[in-house]
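Treat the numbers as computed from the prediction; the structure is a model and nothing was measured. Protein chains get the first letters and strands the later ones, always in sequence-line order, with residue 1 at the start of each.
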2 protein chains.
Amino acid sequence: MSRITITIYPWGRKIRARKGENLLDILRRANIYIESYCGGAGTCGKCKVRVLNGDSLSEVTEEERRLLGNDELRSGQRLSCKAKVFSDMALYVPYEFVNHYPYTKKEKFNIKSNLIPAVKSFRLKLSPPTIDDPKSDMERICESLSSLYGVRVSRVDPICLVDAPVVIRKYNWDVEICVWMEEEIIAVRPPFGKGLYGLAIDIGTTQLGMYIVDLKCGEIVSSGSILNPQVRFGEDLITRLNYIVKKGKKGLFEMNRVLVEGLNGLIDRLVKEANISRSEIMDVVAVGNTLMHHVFFKINPQSLAISPFVPHICFPFNIKARELDLQVADTAYVHSVPLKAGFVGSDTISSITAVLPDLKDKPKLIIDIGTNGEIVYGTEERLLCASCATGPAFEGGNISHGMRARLGAIEKVKIERDTLNVTYGVIGGCKPEGICGSGIIDAVSQLFQAGLLDRSGRFIEERPCERLRKKGEFLEFVIAWGYETKDGKDITITQKDIRNVQLAKAALYAGAKILIERFGGGKPEKVFVAGSFGTHIDLLNAYLLGMFPIVGLDDIIPKGNLAGFGALVALLDRSMRNEAEKFAKKVKYVELSASSDFRREFFDALYIPHAKDTFL
Amino acid sequence: MSRITITIYPWGRKIRARKGENLLDILRRANIYIESYCGGAGTCGKCKVRVLNGDSLSEVTEEERRLLGNDELRSGQRLSCKAKVFSDMALYVPYEFVNHYPYTKKEKFNIKSNLIPAVKSFRLKLSPPTIDDPKSDMERICESLSSLYGVRVSRVDPICLVDAPVVIRKYNWDVEICVWMEEEIIAVRPPFGKGLYGLAIDIGTTQLGMYIVDLKCGEIVSSGSILNPQVRFGEDLITRLNYIVKKGKKGLFEMNRVLVEGLNGLIDRLVKEANISRSEIMDVVAVGNTLMHHVFFKINPQSLAISPFVPHICFPFNIKARELDLQVADTAYVHSVPLKAGFVGSDTISSITAVLPDLKDKPKLIIDIGTNGEIVYGTEERLLCASCATGPAFEGGNISHGMRARLGAIEKVKIERDTLNVTYGVIGGCKPEGICGSGIIDAVSQLFQAGLLDRSGRFIEERPCERLRKKGEFLEFVIAWGYETKDGKDITITQKDIRNVQLAKAALYAGAKILIERFGGGKPEKVFVAGSFGTHIDLLNAYLLGMFPIVGLDDIIPKGNLAGFGALVALLDRSMRNEAEKFAKKVKYVELSASSDFRREFFDALYIPHAKDTFL
């Protein structure tokens, strides 16, 4: 009765819906995930669709009027989160609006590690039982493990018991035994032909990264990353957390299922690439920020939503992959690296273990900028950490023409100081659609260096320049003219965008400054910039913008995906799991929002590069 | 095309079948489980059905001619395992032929035990987190457990983490924590109103027994037993084992599923009776013979089918109830009591722990007669055990008119020495249908005492008696005349039945004798007869038949379900789990079939009461 049909072009799909449902929910149900930074709150304006017969929809809302221009509204565009459907209708959703979870090869792993993995395999040639020696199979295996290898296991995964008796006899008592932590037998396998692999998982707010490593030789056999499919619930952590708080256990399970499906898809891709079997992945280490950690391990994260934002569990634990529906060997354990606090997750602890050899003498600063900014400062002896609310500007969020670093994003910007000519680089070399994080940092820094911004971040209106123009009461700067862009519209940087970049970089700068002060002053010997952010930004532009305190440019070193590397290190050298636990206890969490120093530093750091710095 | 329809009266059900299927398989598929001792081999003759139009069936086989009389064949009766169906047909399957898995209240538990259960609950009033004390919930709980109760847990069941954050806050940081073995948190619950129960499971070949015990006070809140629904695959262990060997993993899973469904049905019944919730059952201990153990824990038992019949695993282990689909608390562990050998299961080890205080000084003999006979002899210091192939005669198997101890079974028989008058008692007081184990022992013993059997077990033909008659070339004795019985036919004891009872009792006697000899001679101070068998037989009749060696009648003591009691003891006092492990290692298994002494003793013991005994 109240069922209606939505036809979606150019997909050629028909979806059934209930009267009064909004288009975003309908599209999600059909697994068509258009970008939505705010998760359906009606504030980001990203979830645009073109409606072919608008009469079927609820009236245009106030939010849509504000976020869509008249041209867009006239051409039938609506915000899918606000438009409710009341009769059969047709919709146009361009393929390129939709998240396809693009797969990216991960960079090379360049951390040295011992090879003492948690899971090892042992070849045993057993003597078959006789009437005079009627020991059970498992007693026979355990005695042999103990006498040949000095390994004293105390239990067997019950899943092994289904097939082990058959395998042992089929291979004439010549078998390979996989043992976890010298404690538990997790496989009884044929004596040859089976590999032993570990999987490192880095669950980022935006990206899911993975490495598969051969635990017999320490070599990485495949790696890659995809967009975290949870972005359909909102780009940022707070939106996703609120979704769970609102929906309760059901929301948690929904969010968990989406994540695990994404992880399993990536596992599938990586095992095919490496030409191995899922069942050969015998060990897993997972890291992530606190919310991602809680969602992955099905821990209700509601305590993260209210002050003092404590995690439910911080200490490390191990849980069978099958309990998480993770499609690796059924009997494999997933190791959870410890967390520190609500805003300092196991990714940060993992990053510390990844650079442990570098923390020996002089203090280092580790900066990990994902959707949040986590910073660590100190030496092996003494470490401080904090979380800075940078907001999503560095990932293209909260920016008028911001977008993620995908095909069509402007990732490099250069502005000639004299001519004010703009040149830019686009991911994939195609016509640009928007600007991603590294492009925004470039743009703001170059605007400043070109003398178009003053130190407070205001556009200098007096500078004659056709690219600098008024939009409403505010100024904006045109990076790409409409004739160059994909949708024919100018791509600009607005005064508000610049403010958001200033807020983000000031939070980071001030946070680092406070940690250094609390540590007792001095300056970091090196600044390690973790994450793909560190690899992709132009360090000079970021430096001149004033993102990093005190040090010289040469001391700022991009380190790649440290969180993922730490997970790899924990796979290759199980003693690093204890180190992680030790450091999770040792590192002192500094709550920046409670500190008046922080506010002072923050306001100073809003200046470009800093209120007290003069240069250029 | 080749699909046909079978109509079953008086059930009024129609089942679809394939041409050429046998009736037993068809009925099983429809969940109509008629008795079948041989599991479909065509040797027991129990799976009779009446066919209303026999033309639709395959021809009467040789086995059916042998096992069914002419009258039965003429009346349309067939063995359902042998009759194959080729066109639409109708079938008559009396309700009373079908296993209804009757539920029996268990006897009272009369073993004293400490109350130190593996699972304990602790009330904690926690201080909520603040900015200055931002510990995670679990760190808070662990610290509190340690400081208040000295309990240092090292892990949490991940299932707890879903709801714990919500429960903690809902009850204002006042919660009850359930801890397993002072090691793992298995529940975070409201501070009041929830019980803490343990479940003892005794998986017998024929019966599934259960006790639910309150772990806070040690009181049994409900108990009961049902028929093991696996009897549909055959009454005896060998038939079931062969089924799995033939079908492989699929057969194992099928057999497991049937067992677990039966157990869950009984749990359901018992929790309702006790008015508690399944989720309050926080600990489980399971015992059973080696095959039942392997099937319950999904261990491929194929090694039990070939010499030297070794179990796959003997040592104790713990596995989450959810991995076994057992419907108790998701986070509860099921503890597996250790096994000794292929024919000495955890039921025997459990029985030893149940009578541990009695094993202090003088040697005791423990006899557990289920479908097999397991015997243990010795003291706490030194114990021997063995398994005797008694066969199913003591449970009514391999006996012409044998049946299980259910409604309509003759359970007591008395034969007047002078008049040869027979009186008998029937379970439920109705018209008899057959004889169960205790009735058979009575009958054979009474026949002997009445002078109708000689010491070799042969009928004394010369004694004038209208009840003793020829059937074919052999003699049989009428226990109940046709006008007294349910189906109007005489219930008799044949010469072959008597032989089967002699074989069973000789195996038991000789086994016990050998153990006593191996121990160094002497005699047991007491004989403990375990199992419902011990409670139901007439001890004097059994004694006079020569079932128990050496001791006097007064020293033979029925002990009830010792295997189940041992499981209860392991629930109430967790140190008994270590004792069980200790005794599983300590007790020496004696392989009777390899011993020439055994054969000598066995032949002597075939006599009534024994070749070397004279009495009466």
Rounded to the nearest 0.5 Å, what separation is found between the [atom1] atom of [X] and the [atom2] atom of [Y]?
X       : Y       : atom1 : atom2 : answer
I159(B) : K298(A) : CD1   : NZ    : 6.5 Å
F317(A) : E184(B) : CZ    : CD    : 12.0 Å
C160(B) : I313(A) : SG    : CD1   : 9.5 Å
K249(B) : D163(A) : NZ    : CG    : 3.5 Å
D137(B) : C314(A) : CG    : SG    : 9.0 Å
R169(B) : Q302(A) : CZ    : CD    : 6.0 Å

Q) Does K588(B) NZ have over 12 foreign heavy atoms under 6.0 Å away? A)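 12 or below, so no.
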Q | Minimum-distance pair of heavy atoms, taken over all atoms of V162(A) and N300(B) | A |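 Smallest interatomic distance, heavy atoms only, reads O-CB, 2.9 Å.
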Per-residue contact mode, [X] against chain A (heavy atom under 4.5 angstrom):
X       : value
I319(B) : side chain
S303(B) : both
I168(B) : side chain
F309(B) : neither

Q. Is it the side chain or the backbone of Y589(A) that comes within 4.5 Å of chain B heavy atoms, both, or neither?
A.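 Contact with chain B is absent: no heavy atom of Y589(A) under 4.5 Å.
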Q. Are V310(B) and K135(A) close enough that some pair of their side-chain heavy atoms sits under 4.5 Å apart?
A.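 No; the side chains remain at least 4.5 Å from each other.
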Q) Is it true that E323(B) and R322(A) have a side-chain N and a carboxylate O under 4.0 angstrom from each other? A)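 Yes, this pair counts.
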